[in-house]
Amino acid sequence: MALYSEKVMDHFRNPRNVGKLDDADGIGEVGNARCGDIMKMYIKVTDGIITDVKFNTFGCGSAIASSSMATELIKGKPISEALSLTNKAVVEALDGLPAHKLHCSVLAEQAIRAAIKDYYDKNGIEYDKSMFPEDDDVHDHGETEE
């Protein structure tokens, strides 16, 4: 059995939505101190819909594939739907990740949330603060003991 699914390999070799949005409405950056992965998500929002999304990821193949798949899952969707995206949904869409790489999907979820929070903050939009972890928490979620 292969370590990575064909979908993971496809999103690693041919990542979707890579780059930067210079006119982004929200930007989220998260990292994992233990593995060194860093993800940055950029979102463009029109009438509550994520009309464009780009990412830059410094990390392993699983981190790149998770970022790519996450952008595909939220592009064209309402913010409320993007906020409900879980790392489990990213893993399922990729047809699985090895247990020691699940933190990559957690980072993708957190990067999206951070970009949406930035959008809310920039636009003075009220939100439930419990939906967003504190900045210090973002950098350590998803750690797996090996």
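Excluded from the calculations below are hydrogen atoms, water molecules and symmetry mates; all remaining heavy atoms, backbone and side chain alike, are included. Counting from 1, the numbers follow the sequence of the chain as shown.
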(request) Answer yes when Asp23 and Lys44 have at least one side-chain N-carboxylate O distance shorter than 4.0 Å, and no when they do not. (result) yes
(message) Would you say Leu3 ends up clustered with Leu97 if hydrophobic residues are merged whenever their side chains have heavy atoms under 4.5 Å apart, either directly or through other cluster members?
(response) yes
(request) Please confirm whether the backbone N or O of Ile49 pairs with a side-chain atom of Thr46, one donor and one acceptor, at under 3.5 Å? (result) no
(request) Look at atom NZ of Lys20 and say whether more than 12 heavy atoms of other residues, nucleotides or ligands are closer to it than 6.0 Å. (result) no
(message) Please check this pair: side chain of Asp10 against backbone of Glu6, looking for a donor-acceptor N/O pair closer than 3.5 Å.
(response) no
(message) Membership question, hydrophobic clusters at under 4.5 Å side-chain separation (ILVMFWY): are Leu83 and Ile27 in the same one?
(response) no
(message) How close do Ala111 and Met41 get, counting heavy atoms only, and between which atoms?
(response) CB-CG, 3.4 Å
(request) Find the distance between CE (Met69) and CG (Asn17) and round it off to the nearest 0.5 Å. (result) 11.0 Å
(request) Using atom types as modelled and distance alone, determine if a side-chain donor or acceptor of Arg16 lies under 3.5 Å from a backbone N or O of Asn14. (result) yes
(request) Decide yes or no for Val8 and Ser5: does some side-chain heavy atom of the first lie under 4.5 Å from some side-chain heavy atom of the second? (result) yes
(request) Search all heavy atoms of Val53 against all heavy atoms of Ile43 and return the closest pair with its distance. (result) CG2-CG2, 4.0 Å
(request) Keeping the roles fixed (side chain from Asp128, backbone from Ser130), state whether a donor-acceptor pair exists under 3.5 Å. (result) yes
(message) If you define the side chain from C-beta out and look only at heavy atoms, does anything of Cys35 sit under 4.5 Å from Cys60?
(response) no
(request) Measure across Asn123 and Asp25 and return the closest heavy-atom pair with its distance rounded to 0.1 Å. (result) ND2-O, 4.5 Å
(request) Please tell me if the side chains of Ile79 and Tyr120 come closer than 4.5 Å, counting only heavy atoms from C-beta onward. (result) yes
(request) State, to 0.1 Å, how close Leu73 and Ala89 come at their nearest heavy-atom pair, and which atoms those are. (result) CD1-O, 4.2 Å
(message) Can you confirm whether or not the ring centre of Tyr127 sits under 6.0 Å from the ring centre of Phe132?
(response) yes
(request) Could you tell me which non-hydrogen atom of Ala82 sits nearest to which non-hydrogen atom of Ile112, and how far apart they are? (result) O-CG2, 4.0 Å
(request) Grab the two heavy atoms, one from Lys7 and one from Leu94, that are nearest each other, plus how far apart they are. (result) CB-O, 3.7 Å
(message) Looking at Phe55, is its backbone amide N or carbonyl O close enough to the side chain of Ser67 to form a donor-acceptor pair, meaning the two atoms are under 3.5 Å apart?
(response) no
(request) Is it possible for you to say whether Ile64 and Phe58 belong to one hydrophobic cluster, with membership spreading through side-chain heavy-atom contacts below 4.5 Å? (result) no
(message) What I'd like to find out is whether the side chain of Lys54 reaches to under 4.5 Å of the side chain of Thr71, using heavy atoms alone.
(response) no
(message) When you group the ILVMFWY residues by side-chain heavy-atom contacts below 4.5 Å and let the links chain together, are Met131 and Ile74 in the same group?
(response) yes
(request) Applying side chain to side chain donor-acceptor pair (under 3.5 Å), name anything that partners Asp47, two or more places apart in sequence or on another chain. (result) none
(message) If the threshold is 4.0 Å, N to carboxylate O, is there a salt bridge linking Asp118 and Arg113?
(response) no
(request) Sequence neighbours left out, what pairs pass salt bridge (Lys or Arg N to Asp or Glu O under 4.0 Å) with at least one residue falling in residues 58-84? (result) Asp52-Lys75
(message) Membership question, hydrophobic clusters at under 4.5 Å side-chain separation (ILVMFWY): are Ile116 and Tyr42 in the same one?
(response) no
(request) Using side chain to side chain donor-acceptor pair (under 3.5 Å) as the criterion, list what pairs up with Ser62, not counting sequence neighbours. (result) none
(message) Donor-acceptor check, side chain of Asp37 to backbone of Ala63, threshold 3.5 angstrom: yes or no?
(response) no
(request) Kindly indicate whether the side chain of Val90, heavy atoms from C-beta on, has any atom under 4.5 Å from the side chain of Glu109. (result) no
(message) Could you tell me if the side chain of Ser66 sits less than 4.5 Å from the side chain of Lys101, heavy atoms only?
(response) no
